[in-house]
Every structure is written in C-alpha cells, then in structure tokens.
Amino acid sequence: MSKMSIARGQLEELLRKTQRMCNINGKPMPQVLGCVIECYEGVDMAKTTSIVRDGKTSVASFIAPYETSGGGSFIIPDIAKALGILKAHNGNITLIQKEDKLVFKSTNKQTTISADPRALAFPHTKKSVKLWSDESLERMSCINTNGEYTMASGEIRKPSAHFQISGSDLRDAINSGNINGQKVNRCTLEWDGDRLTLEVGNDLLGKTKTCLLSTEPEFDPFKFEFEGGLENCIDNGDCNLYILDFNPEGQGYSMLIYTNYSKIFQRGVV
C-alpha cells in the first residue's frame, strides 16, 4: 500500500500539466489520459513522467511538493476523472493506493476509484498505464538537465543553442494563437542570430510574432515549427531552453524546456 498527503492545489496542477490539453483541429484534446505518480522519500516531491499519445513527439516530467509520503506509486488511469473527484474535496488530500483501488481522502470525505495498473494508457494502444510510464521514464533518462541527448548509438548530442527566457512570456506567446478564436496549435520558433521569436496564427484572423529574447549572436540561426499544447504545462518562472539539431538524421530540430518543476522534450514538426 502506498500513501501520500498533498495539497489539493498542488495535486491538481500536477495532473493538469501532465494531462496537457492541446488544440487539435480546433478542439481541446488531452495529450496524456492516465499517468503514474511516483513519490520518492527524501526528495519530498511527487513526479509524473509521460510520453504523449502519439508515442514519439514529446515526453515530459512534472513534479509537485507533497506534505508526507512513505514513497511508492499511485495509478491514475483517467486524469480527467481524478480532477473531477478533487473538485469535491478541500485542503490536503491523502492518496492511498490499495492494489487496484485509489482512495482520495480529505478532512470529512473519502472517494474511491478503480485504479488497476493494467488499465490501458490510451484506447489505441495495448500498453498499460504502468508500462507507458515505465517506457516514459526510460525515454526521459536519455535527456539530462544540460540539454544533452544520449542517442541509441550511445552518441551524446549536445545542444546547438541555449537560451534563458521567461516561462510566462513563452506561454503568452503561444497563447497569442487564440486571437479571434483561432485555437491555433502550431507555432514557429526562430533565432535569426540576434532575436529569438515565436510566431503563431494566420493572416486572416491575426498572425502574431513575439520577441522572447534579444541578445548578442552566439548560435547559428535556426527555424522550426512545433505543436503539443505547451502553453498548458510551462511554468511561470525562468526556464532554460535548449535546441537540439537532429537534421543529420532527417529528424529536424527538437527542444528541451527545463525549469525547477518540469522537464519537457518536444520534437519539431518535420
């Protein structure tokens, strides 16, 4: 049996980031349906690590501080249902994993939900939530906090560029794609040697280019498109943005967004 106490707001934020809603064809869709929350003693942090639904374009880890825990894992087969349960509770939440059941307990309420580790991660896969989480942890282990990526061959691909920017500015720039109800998901990130900009939207309803950073030339110019609902999981504080060049392998550019509470690896659109 695993047990953890965590503030409701912290748990909700952790689950929403992990869920990562994304506009697809103008409709919001979660990029992750279920997850596993791992608690590590001595670190006082609860953590999720998940590959998105297409299985390849992104993997992300998010953490949140907990009050008390004896360590262990908590199966969340359906994040949307877990968030629905939390609306009925207040204050600190005690999570208790009992075999194939998960208990949400607050001061005067207790809600139990089925939480079988064999539950499917997505309807289109035969992989369980637990296996999907394990494979996500393995994938994330290839990327360190310095932006270096260990490839299958064992080669370490170092970042071709590194920027320190505001997470809230990046999120705001992506959200500009919602001008006049566009609900645009695809963005273009460009470094011209002097300015780092993000462009989103279309000419009909409004195309917006935001300058995220202006500095002395340090890196070779690059330009690529990305998707993925990042505006719903980027932290407010300062973040390190690493650019990885996989063009020699025909895979375009990727980026790593790293903060104190999240690590998001996102492949560009090829």
Q.
Taking the six-membered ring for Trp, are Tyr253 and Phe226 closer than 6.0 Å centroid to centroid?
A. no
(Q) Go through it in stages, so that I can follow the logic: the residues are Asn232 and Arg171, the test is side-chain hydrogen bond (donor to acceptor under 3.5 Å, both in side chains), and I'd like the CA-CA distance, side-chain angles, deciding distance and then a yes or no. (A) CA-CA 8 Å; Asn232 293 315; Arg171 191 175 62 250; over 6 Å; no
Taking the basic N atoms (NZ, or NE/NH1/NH2) and the acidic carboxylate oxygens, is any pair closer than 4.0 Å for [X] and [Y]?
X: Asp54; Y: Lys56; result: no
X: Glu249; Y: Arg157; result: yes
X: Glu135; Y: Arg139; result: no
X: Glu227; Y: Arg186; result: yes
X: Lys17; Y: Asp235; result: yes

Q) Just checking, is any N or O donor in the side chain of Asp245 or Ser160 under 3.5 Å from an acceptor N or O on the other one? A)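 There is no such pair between these side chains.
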Q) Distance only, no hydrogens: is a donor on one side chain within 3.5 Å (strictly under) of an acceptor on the other, for Thr48 and Ser50? A) no
Q. Within a reach of under 6.0 Å around CD of Glu138, are more than 12 heavy atoms found that belong to other residues, nucleotides or ligands?
A. no
Q: Kindly indicate whether a cation-pi arrangement holds for Arg267 with Phe246, taking the cut-offs as under 6.0 Å to the six-membered ring centre and within 45° of the axis.
A: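 Yes, a cation-pi geometry.
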**Q.** Ser262 vs Thr259, side-chain hydrogen bond (donor to acceptor under 3.5 Å, both in side chains): CA-CA, chis, key distance, verdict
**A.** CA-CA 5 Å; Ser262 62; Thr259 73; 3.0 Å; yes
Q: Could you go through the salt bridge (Lys or Arg N to Asp or Glu O under 4.0 Å) check for Lys158 and Glu148 one step at a time?
A: CA-CA 5 Å; Lys158 294 182 179 295; Glu148 297 173 338; 2.7 Å; yes
